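Heads up, the thing below is written out as structure tokens.
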There are 2 protein chains.
Amino acid sequence: MNHEGFNELDLTSLLSLSFSTSINELHDRLSVLGFEDIRPVHGFMFKSIIPNGATGIEIAEYLGITKQAVSKMVDYLEQRDYVMRKAHPTDKRGKIIVLTERGWLVVNAKKKILDEIEQQWIKKIGVERLQMLKEDLSKLVYEINEGELPTKIRPVW
Amino acid sequence: MNHEGFNELDLTSLLSLSFSTSINELHDRLSVLGFEDIRPVHGFMFKSIIPNGATGIEIAEYLGITKQAVSKMVDYLEQRDYVMRKAHPTDKRGKIIVLTERGWLVVNAKKKILDEIEQQWIKKIGVERLQMLKEDLSKLVYEINEGELPTKIRPVW
DNA sequence: ACAATGTAGTCAATCAAGTTGACTATAATT
DNA sequence: AATTATAGTCAACTTGATTGACTACATTGT
């Protein structure tokens, strides 16, 4: 088998490895804090809930999965006290998913860890280069998807 | 629901979106060429097979999945004429997975498309910035994983 | 106003891609 | 030569998604 060096890696592989590296570090550290039942997709879901809650369908669109899958995910997270279903204020069919106190603990922990990971990266490549990297990636994602988030935020493997 | 702008995105989300964007484009284009039965993971598997074949266990380690999962994946790809199992030259227990002609077609198409995606990105941010981006990502992945590929190349979702 | 159509959420069945465990054949170790 | 380890496959199971069917409520058009 061939083990190519990092230099010959194409951009896509590089992005995959970078993403894996950072998301793995994040969730390893969340585990240590007692949030071992939280998966990456839950973190993305929390982003769509913040700050004022979201309906199941909104979350489903954001994550690029079905509303039924969201419903199961909410069951899972509700059982573990990360989120709650509240009645929708105007639509009696609807429900609003909101974070519980414990849900906020995860979100805040996540934010802190991500900041620390970013600091770690700054130590490696410097603050200017990291700033450039973020700008360039934002620009690419933004322009290639024409201002929209990719419909499939989820990396399909 | 909150739809934050790209500027406020943390690095991890940005990497996730960049990866999704490029891998989706790659596989959309592979579909058009008639390779709609090829998933991202197969592309990564091909990388571990090139150029001289690999055993199931080598592939399993590279992809961070079990040898049983690899075996099933090889069944799938062998049925569709992308790979072949060959006898191992020295170990009668072992088999070597190699690309078929059709397998090489995918690999070459993939390479071409990835190059084109990279050119597209160069148009957006310039060749110097893309070079920096690749250098920085390589450096980060390399240093944070201490010279090893992450054991889990696969983005766990 | 109300009939027809559309939408939010859930339940159930199914599917896809992975896992663990058991096994066979062969290789390596002592 | 006997023991232990390894490569690969088969089978059963798990997980996280899907599609389809349904209920309750909302929206639209006459």
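Every value quoted in this text rests on a predicted model; they were computed, and no experiment measured them. Convention: sequence-line order gives letters A, B, ...; per-chain numbering from 1. What you see below is based on every heavy atom in this structure, not just the backbone, and it leaves out hydrogens, waters and symmetry mates.
- Considering only side-chain N and O atoms, A:Ser71 lies under 4.0 angstrom from the phosphate OP1 or OP2 of C:dT10.
- Across the protein-nucleic acid pair, B:Met73 atom CE and C:dT19 atom C1' stand 15 Å apart, rounded to whole Å.
- Taking the six-membered ring where tryptophan is involved, the planes of B:Phe19 and A:Phe19 are essentially parallel, since the angle between them stays under 30° and well short of 60°.
- As rounded to whole Å, 14 Å separates atom P of D:dG8 from atom NZ of B:Lys86.
- Residues A:Val70 and A:Val74 form a side-chain contact, since some pair of their non-hydrogen atoms from C-beta on lies under 4.5 Å apart.
- Using a 4.5 Å heavy-atom threshold, the side chains of B:Leu11 and A:Leu130 count as touching.
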All N/O pairs under 3.5 Å across the protein-nucleotides 13-17 of chain C interface:
| residue | atom | partner | partner atom | Å |
| --- | --- | --- | --- | --- |
| C:dA17 | OP1 | B:Arg39 | NE | 3.4 |

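- Between the P atom of C:dA27 and the NZ atom of B:Lys95 lies a distance of 14 Å, rounded to the nearest Å.
- Not one side-chain nitrogen or oxygen of A:Arg85 sits closer than 4.0 Å to the OP1 or OP2 atom of C:dG9.
- Following rounding to the nearest Å, B:His88 (NE2) and D:dT6 (P) show an atom-to-atom distance of 15 Å.
- Annotation: side chain of B:Ser16 is not in contact with side chain of A:Ile23 (no heavy-atom distance under 4.5 Å).
- Linking Ile, Leu, Val, Met, Phe, Trp and Tyr residues whenever their side-chain heavy atoms come within less than 4.5 Å leaves A:Ile96 and A:Ile57 in two separate clusters.
- The backbone N or O of A:Ser48 lies less than 3.5 Å from no partner atom in the side chain of A:Glu58, so there is not a single donor-acceptor pair.
- Within the structure, the ring pair (Phe, Tyr, Trp, His ring centres under 6.0 Å) test picks out the following pairs touching residues 75-97 of chain B (sequence neighbours left out): B:His42-B:Tyr76.
- Contacts classified as salt bridge (charged side-chain N to carboxylate O under 4.0 Å, His left out) and involving residues 118-127 of chain B (residues at least two apart or in different chains) are given here: A:Glu143-B:Lys124, B:Glu118-B:Lys134.
- Comparing the helix axis at one end of the helix from C:dA1-D:dT30 to C:dT30-D:dA1 with that at the other, each defined from 5 consecutive pairs, gives an inter-axis angle of 30° (nearest 10°).
- Cluster membership check: B:Val98 does not share its hydrophobic cluster with B:Tyr62, using side-chain heavy-atom separations under 4.5 Å among Ile, Leu, Val, Met, Phe, Trp and Tyr.
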Could you write out each protein N or O paired with an N or O of nucleotides 19-25 of chain D at a distance under 3.5 Å?
| residue | atom | partner | partner atom | Å |
| --- | --- | --- | --- | --- |
| D:dG20 | O6 | A:Gln68 | NE2 | 2.8 |

Would you check, one step at a time, whether the test side chain to side chain contact (heavy atoms under 4.5 Å, CB included) holds for B:Leu9 with A:Leu137?
CA-CA 10 Å; B:Leu9 281 176; A:Leu137 290 178; over 6 Å; no
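- A heavy atom lying under 4.0 Å from DNA chain D marks none of the residues of residues 29-38 of chain B.
- The nearest whole Å value for the distance from the CD1 atom in A:Ile65 to the P atom in C:dA8 is 16 Å.
- With contacts defined as side-chain heavy-atom distances shorter than 4.5 Å, the pair A:Lys110/A:Lys47 qualifies.
- A:Ile122 and B:Leu140 fall within the same hydrophobic cluster, where Ile, Leu, Val, Met, Phe, Trp and Tyr residues are linked whenever their side-chain heavy atoms come under 4.5 Å apart, directly or through other members.
- Put simply, CG on B:Asp75 is 12 Å from P on D:dA11, counting in whole angstrom units.
- Residues B:Trp121 and A:Asp136 form no side-chain contact, since every pair of their non-hydrogen atoms from C-beta on lies 4.5 Å or further apart.
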